[in-house]
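Residue numbers start from 1 in every chain, and the chains themselves are labelled A, B, ... in the order their sequence lines are given, proteins ahead of strands.
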Amino acid sequence: MNREFYSKLIFELSRPGRRGYSLPSNGLGTAVNLPDNLSRDTALDLPQVDEPTVVRHYNNMSTNNFGVDTGFYPLGSCTMKYNPKINEEMASHRGFKSMHPATPAVASQGSLMLYYTLQWMLSEIGGMAEFTLNPFAGAHGELTGLMVIRAYHNSRGDVKRTKVIVPDSAHGTNPASAAVAGLEIVEVKSRPDGTVDVDDLRPLLDDTVAAVMMTNPNTLGIFEKNIPEIASLVHDAGALLYYDGANLNPMLGVARPGDMGFDVMHINLHKTFSTPHGGGGPGSGPVGVRAGLEQFLPNPRVVRRPDGSFDLVSSPDALGRVSATLGNFAVAARALSYILSLGQEGTMMAGTLATLNANYIKESLKDVYKLPIEGVCKHEFVFDGLADKSTGVTTLNVAKRLLDHGYHAPTIYFPLLFHESLMIEPTETESLDTIDEFIAVMRDIAREASETPDVVKTAPHNTPIGHPDDTEAALHPVTTFDQLSTTKD
Amino acid sequence: MSQIYYAPTHEYIVVDGNVGTIGITDYAQHALGNVVYVDMPEVDDEVEAGQDFGAIESVKAASDLISPVTGTVIEVNDALADNPRLVNQDPMANWIIKVEIADPTELDNLLDEEAYKAICK
Amino acid sequence: MLRRIGVKSLDELYSDVPESLKLKKPYNLPSSQSEKEIRDFFDALGSQNRQLKCFAGAGHYDHYAPAVVGSLISRSEFLTAYTPYQPEISQGTLQYIFEYQTIMSRLTGLEVSNASMYDGATATAEAMLMAVAHARRRNRVLVSATVNPAVREVVDTYARYHGVVVDTIEAVDGVTSREDLDAKLAAGDVAGVIVAAPNYYGIVEDYSGWADACHAAKALFIMNSVAIDLASIKTPGEWGADIAAGDAQSLGMPLSFGGPYLGYLCATKALMRKMPGRIVGATTDDRGNRVFVLTLQAREQHIRREKATSNICSNQGLMALYATIYTSVMGTKGLEEVNGLGFSAAHYLAEALTETGKMRLKYPDKPFLNEMAMTADFDLDVFFAKAMENGILPGVRIDKNTILIAATDMLTRDDLDSYVMLVKTM
């Protein structure tokens with residue numbers, strides 16, 4: 001890592017008169033001649049840098065980052081699979097890259113067919129009637145799905161349904177999405193084994209409930225066995241059942257949300273279908289619905305005409321529009337490439353292998369880390385910190401010590417059901433060698449916690465930077481270079 | 001003579017005549033940790049018993065500030081805008097707002113010191 | 001592995017899944033394809049698209065991106081990282097977001113930027129939610145009739161479900177009516193006002209005094225702009241706007257039939273803590289280094305979740321890096337030149353098309369940058385078919401007789417002349 005020599009900001013590398021671009025001439029001039037009162041007045045200060053400076057700056061910066069291509073990334077609930085390179089090439093395929101989103105259907109049949117093909121494959125995998133690829137991310141998919149549900153109830157004149165029931169172990173985005181969709185949140189408690197308590201749920205279900213949001217397996221990696229009973233209770237109450245697809249991976253090849261009784265679902269293409277996370281996006285959160293709800297999906301929809309051609313349609317019943325275009329199209333292209341490479345065989349095995357890896361790690365570590373819920377998990381599981389709490393070494397300390405060993409940390413302090421949650425999700429793309437090495441390191445850290453606890457408590461030691469002062473950052477926020485320069489003076 | 005009441009949501013109100021001085025309790029500042037921001041209403045804003053009038057943020061948590069009484073804001077502690085950490089140093093001295101209490105009978109719904117201490121255990 | 005887990009078969013890992021729910025037959029999917037076959041498939045699909053010379057805009061523009069941009073954003077340390085939750089091993093992501101925030105702040109003339117939004121339409125919808133949350137008890141928002149209708153539709157969707165009332169400020173001759181603004185503000189219940197610069201018709205409107213009018217009515221003034229245009233036109237900050245929200249695809253991003261693009265959201269410092277999404281801040285580490293962290297996280301919905309006014313988590317991180325590298329390589333001069341090329345090409349084209357006698361500016365004498373609405377005397381269905389046969393995407397049709405035409409640095413003089421020739425044949 002070259003942090004020592006290359007930690008400047010691009011603005012600090014700027015020198016007057018340097019440039020790194022070349023543009024063609026159209027022979028008509030390069031001046032903007034707008035009236036003065038409509039023109040930019042304050043000088044725009046962008047970096048003045050040459051190409052080699054830009055390249056070195058960002059290349060070196062990238063080495064201070066850890067990605068799936070760097071090492072094992074067992075971040076629970078995030079499904080950090082390896083991202084095959086062929087998908088990247090397909091995402092920027094020249095046949096698709098320059099297509100303007102307003103290109104008429106007659107000239108964009110290839111793009112529309114790509115979109116439709118993935119839509120169709122996701123429907124097959126989810127057990128749904130139709131998918132939209134318009135939502136940009138998982139949370140956006142949740143919001144869209146809840147809007148589908150509200151549009152459905154509203155279409156029936158059933159306007160008093162304003163509540164969403166969410167388990168207390170749910171992803172934080174579930175209640176937030178419900179709030180943005182104008183719905184009120186009601187929490188349902190988990191049983192000691194981490195699953196939804198049907199007896200607690202039953203009395204909550206009345207004619208003011210629009211939907212119940214669940215993820216299955218839940219955030220503890222436990223399969224909700226009672227899902228058929230829950231589905232029929234929800235449907236009897238006139239509400240719909242929403243599937244948060246963040247945990248779909250272990251169900252690949254095993255069971256489909258549609259068959260479990262879910263009415264609406266989203267899939268995170270950047271989790272289950274291996275599109276890269278890009279340091280926090282772009283993702284994609286396609287939303288699927290069961291038969292009878294298609295007309296409520298957001299505009300525009302991609303459909304196949306009887307003559308085999310593809311077209312865009314808008315429906316007056318639709319919930320409206322959630323994006324200016326058809327969503328993150330190039331992300332969809334990556335996911336399609338991924339599904340094609342796995343094919344039927346690979347897709348059928350993916351979930352089981354992810355579950356195998358997770359259980360293997362869990363069983364290999366549960367003597368030194370506290371496992372609050374025994375039994376077979378699915379793609380992920382949660383430890384409640386170290387088994388030996390006497391040393392004062394916390395989950396945060398363990399996470400930071402893992403960074404020293406070249407691993408990304410698991411998800412920590414989520415779910416909120418335990419004080420020292422440490423959530424591990426290995427995915428199916430890791431080899432047994434990698435997993436065994438990770439287990440060995442986790443055991444080393446547990447031993448270190450007893451023998452030399454201070455080493456763990458003061459971790460990380462080998463990372464490009466030390467422990468940042470979060471309080472100072474929040475107390476006196478400095479969010480641009482200009483504020484930084486002002487603070488210094 | 002002033003009197004102090006507590007809300008189960010960890011706000012206190014010191015009542016002097018029809019003026020209530022509202023802040024968060026020592027227990028609350030402790031639970032939040034380093035306070036980095038206090039979102040406060042403006043003078044003349046109406047507050048309602050049981051409704052939020054602002055929010056308080058630490059590095060790791062954010063919490064709504066719930067008004068123990070209905071009334072009108074007559075003073076805001078501007079010192080907290082520049083130095084929110086004063087709340088950690090002394091939450092009683094560093095109150096958040098003062099309100100003119102509209103309905104003193106609402107105070108009967110609040111807790112006294114003993115009852116509040118009991119819920120903090 | 002099974003032995004250590006204590007099960008006899010892979011099936012046993014799913015013994016908790018009721019048999020009735022299990023898949024009875026494999027997915028109806030094609031069998032596994034080799035890389036070569038995947039390439040062939042994409043080649044075949046791609047060949048069903050027509051590659052056209054792009055005169056279409058309406059919010060998304062065909063600009064040239066220097067090769068260095070694509071090369072750097074595909075660095076896998078950037079590409080395959082998750083959200084920077086562990087700052088010690090995420091300085092790459094955190095630093096470029098800090099640079100991005102600085103660049104967007106300078107472009108828009110507002111002090112604070114978040115780490116990015118999905119697209120310009122959702123960014124504008126979130127700006128609306130921000131205004132309503134800020135106003136506490138008022139929930140009416142005014143949107144100019146000259147705002148891009150796709151943006152408007154997304155704003156309307158968010159508003160409908162969140163319980164916000166959206167009203168239109170009428171337009172006269174392609175320009176938002178100040179009179180109508182004043183009349184609607186007078187009701188005293190407006191939380192925010194949304195206008196566009198340039199507007200949907202490409203017109204650069206004069207918003208002198210608008211911010212004051214909004215602020216006098218305690219409403220926030222929100223401006224939706226095409227990011228690259230802000231290098232040349234008066235900025236949201238200069239107009240006195242409180243929030244700038246829009247799409248930054250114009251910073252050289254491939255059109256890719258709709259995305260990924262980049263939404264941006266900037267605001268005054270007073271509104272910083274009301275902004276949705278992630279924000280990166282500078283601080284120091286225990287070794288004394290200047291470092292970057294996600295900050296103001298407490299605002300994020302996972303803590304005040306049931307009162308959330310935004311649910312955004314993942315954003316468009318990598319596209320923020322794209323914008324940062326593009327603007328760094330191009331610099332101020334480069335952006336001005338891109339805008340200048342678009343300006344000269346669009347004005348040349350508008351004049352030449354008017355001279356044909358078959359098309360005219362829908363709103364003549366209104367200032368525009370690189371896009372204009374033109375009314376045709378001929379059948380636009382026929383024109384589109386003919387243009388596409390000749391390898392031209394002639395614009396975006398906005399009604400029976402009107403087409404929005406955009407020009408960028410990607411068009412040569414010959415391209416412009418072929419367009420004119422085509423119109424002459426109509």
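Put simply, of C:Lys333, C:Gln48, C:Lys22, the one with the most heavy-atom pairs under 4.5 Å next to chain A is C:Gln48. Contact count versus chain C (heavy atoms, under 4.5 Å) is highest, among A:Val55, A:Val331, A:Thr325, A:Leu46, for A:Leu46. Ranked by heavy-atom pairs under 4.5 Å with chain C, the list A:Leu356, A:Leu114, A:Leu342 is led by A:Leu356. Of the residues considered (A:His100, A:Arg18, A:Lys400, A:His277), A:His100 shows the highest number of contacts with chain C, using heavy-atom pairs under 4.5 Å. Looking only at heavy-atom pairs under 4.5 Å with chain C, the residue among A:Thr103, A:Asp259, A:Asn359 that has the most is A:Asn359. For the set C:Tyr348, C:Tyr118, C:Phe343, C:Tyr82, the entry with the most heavy-atom pairs within less than 4.5 Å of chain A is C:Tyr82. Counting heavy-atom pairs closer than 4.5 Å to chain C, the top residue among A:Gln48, A:Glu124, A:Glu363, A:Arg19 is A:Glu124. Among C:Ser32, C:Gly46, C:Ser232, the residue making the largest number of heavy-atom pairs under 4.5 Å with chain A is C:Ser32. Looking only at heavy-atom pairs under 4.5 Å with chain C, the residue among A:Ala91, A:Pro35, A:Gly110 that has the most is A:Gly110.
In this structure, a donor-acceptor pair under 3.5 Å is absent between the side chains of A:Ser7 and C:Arg290. For C:Thr324 and C:Glu99, the side-chain atoms include no donor-acceptor pair closer than 3.5 Å. Neither side chain, A:Thr463 nor C:Glu88, offers a donor N or O lying under 3.5 Å from an acceptor on the other. Between C:Ser105 and A:Asp482, the side chains place no donor N or O within less than 3.5 Å of an acceptor N or O (distance only, hydrogens not considered). One side chain, C:Asp43 or A:His93, offers a donor N or O that lies under 3.5 Å from an acceptor on the other. Side-chain contact annotation: C:Thr122 with C:Asp119, donor-acceptor N/O pair under 3.5 Å present.
The contact between C:Leu129 and chain A is made entirely by side chain atoms (from C-beta outward), counting heavy-atom distances below 4.5 Å. At a 4.5 Å heavy-atom cutoff, C:Asp62 makes no contact with chain A through either its backbone or its side chain. Using a 4.5 Å cut-off between heavy atoms, C:Ile233 contacts chain A through both its backbone and its side chain. When heavy atoms are compared at a cutoff of 4.5 Å, C:Val329 approaches chain A by way of both its backbone and its side chain. Contact annotation for C:Ala282: both backbone and side-chain heavy atoms come within less than 4.5 Å of a heavy atom of chain A. Residue contact with chain A, scored on non-hydrogen atoms closer than 4.5 Å, is absent for C:Glu37. Interface residue C:Arg287: only side-chain heavy atoms are found under 4.5 Å from chain A. Interface residue C:Thr332: backbone and side-chain heavy atoms are both found under 4.5 Å from chain A. The contact between C:Phe42 and chain A is made by backbone and side chain atoms together, counting heavy-atom distances below 4.5 Å.
You'll find the side chain of C:Tyr14 reaches within 4.5 Å of the side chain of A:Lys378, heavy atoms only.
Surrounding CZ of C:Arg413 are more than 12 heavy atoms belonging to other residues, nucleotides or ligands, all under 6.0 Å away.
Under the 6.0 Å distance and 45° angle rule, A:Lys97 does not count as a cation-pi partner of A:Phe329.
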For this session: Begin from the C-alpha positions of C:Phe78 and A:Tyr58 and carry the test ring-ring contact (aromatic ring centres under 6.0 Å, His included) through to its verdict.
Result: CA-CA 10 Å; C:Phe78 288 134; A:Tyr58 289 102; 7.0 Å; no

